[in-house]
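For reference, the structure is listed below as C-alpha cells.
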Amino acid sequence: MRQGHGGVPLLLHHGWPGSKRLFWRNIQPLADAGFDVIVPDARGFGESSIPESPETYADIALSAIDAHGLLTSLGIGECVAAGGDFGAGVVQDLAARYPGFVKRMIVWNGVTPAVDDLYAAAGLPTDQLAEIQMISDHLTDNGLHADDVCAGLGSNQARREHVGGYFTERPWRVGNDPLRLSAPGAFSEDQLDFQLEAFGDESRLRATLGYYEGLFHPEFCKTPTLLAEPARDTETLILYGVEDQIVHPLLTKRHAVAYPRHVGPFLIEDCGHFVSWEASDVFNSAVICFARDLLAARGVA
C-alpha cells in the first residue's frame, strides 16, 4: 500500500503475526498529515508472493534489503521507518545497513539490538530471547520445529485459529494458563478474521516462520543481520504497549541504551503488542509529533 505521494517518506513494517493490514488504521491519517506512507507485506506474507525455497523465506536482514530496494525503486533516498515485533528488527537493520537512509526510527514491542556489552554495563539482563523463553515455547516451536508446527495444522480453519491465538491469547506453554499479546477487546471477531485471512494457506504460513528460523539458524539467512552493529546515532522513538504479557518491558530500557538519541520510552495503557492497531490514535499522533520538523520542511506540518 502507498498513500500520500510527495510527502515525507514513512515506512511501516509489520512483524509476526501480521501483514500490512496491521496498519490499516494508520495509512490514511498519516498520509493526511503529510507523509508518503509505504506499507509492504514482507515476502511470503499477506499478498506478497510465496518464496519457492526456504533459502528465500523472509528474515530480518532480507526484509530490510527488500524494504530498501522497494523504497529506492520508488525514487526515495531517505525515510522515517517504524516497526514492531520482528518489524522493529527490520527497521533497525535497515538503519544500520544503509547509513543515512533512516532519518528517524519508531520501534515498539519487538526485537532489540544485540549489544550485550552495553546492556551489561547499564545493569540490564542481556538475553531478550531467554527472557521470552522463560514464559513461552513459541520461539523454539516456530524456529526449530516449523515443519512440525505446520504439519499439525490440517486445515485452513485450524491454521487461522492457531495464528489467531497469537493476536489475542493462548497457552504459551502446554498446560499453562493463557497469556495475552493484545489488550482485551483489541480485535473484534471480524477484525481478527481480516488479519488472519492469508494465514489459512499452509505454504504461506510455513514461509512466514522464516523469521523465527533466522533466530536459531543464522546459517539459513542469506545475509547476516546487523543488529550487533546498530546505527546508534539514529533518532529513535520508543513505544510500548503495557498489556503485552510476552515481550517484557525491559525491551524499552534496552532500546534506550542502544539508541542514546531517543525519545521515550512511552508506555501506552490499554494497549498490547500491536500498538499501531490497538492504540492507533496515539500511534498516529506520536509519529506526527516525532517528525513534525520533517513535515514542516516539506511545507505540510
Verify whether one side chain among [X] and [Y] offers a donor that lies under 3.5 Å from an acceptor in the other.
| X | Y | value |
| --- | --- | --- |
| Ser63 | Tyr211 | yes |
| Asp127 | Tyr119 | no |
| Asp85 | His14 | no |
| Gln128 | Thr112 | yes |
| Asp201 | Ser203 | yes |
| Glu55 | Ser53 | yes |

Could you go through the side-chain hydrogen bond (donor to acceptor under 3.5 Å, both in side chains) check for Asp93 and Tyr98 one step at a time? CA-CA 8 Å; Asp93 186 281; Tyr98 304 101; over 6 Å; no
Where do Arg160 and Phe199 come nearest, in terms of heavy atoms and distance? CG-C, 4.4 Å
Show every side-chain hydrogen bond (donor to acceptor under 3.5 Å, both in side chains) that has at least one partner inside residues 64-76, sequence neighbours left out.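 Qualifying pairs, neighbours excluded: Arg43-Asp66.
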Apply the test salt bridge (charged side-chain N to carboxylate O under 4.0 Å, His left out) to residues Glu131 and Arg254: give CA-CA distance (whole Å), side-chain angles for both, the deciding distance (0.1 Å), then the verdict. CA-CA 13 Å; Glu131 197 171 81; Arg254 293 193 183 98; 2.8 Å; yes
Check: Trp277 and Gln191 side chains under 4.5 Å, non-hydrogen atoms: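 Contact flag for Gln191/Trp277 side chains = yes.
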Sidechain N-carboxylate O distance under 4.0 Å for [X], [Y]:
| X | Y | value |
| --- | --- | --- |
| Glu161 | Arg170 | no |
| Asp293 | Arg104 | yes |
| Glu235 | Lys103 | no |
| Glu197 | Arg204 | no |

I need the [X] [atom1] to [Y] [atom2] distance, nearest 0.5 Å.
| X | Y | atom1 | atom2 | answer |
| --- | --- | --- | --- | --- |
| Leu94 | Ile60 | CG | CD1 | 12.5 Å |
| Thr126 | Leu118 | OG1 | CG | 11.5 Å |
| Ile268 | Tyr240 | CD1 | OH | 11.0 Å |

When you look at CD of Gln28, are more than 12 heavy atoms from neighbouring residues, nucleotides or ligands closer to it than 6.0 Å? yes
According to side chain to side chain donor-acceptor pair (under 3.5 Å), who are the partners of Asp193, at least two apart in sequence or on a separate chain? none
Is Trp16 reachable from Val111 through a run of I, L, V, M, F, W or Y residues, each pair having side-chain heavy atoms under 4.5 Å apart?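 Yes, one cluster joins them.
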Please step through ring pair (Phe, Tyr, Trp, His ring centres under 6.0 Å) for the pair His138 and Tyr212, ending with a clear verdict. CA-CA 9 Å; His138 81 286; Tyr212 287 98; 5.7 Å; yes
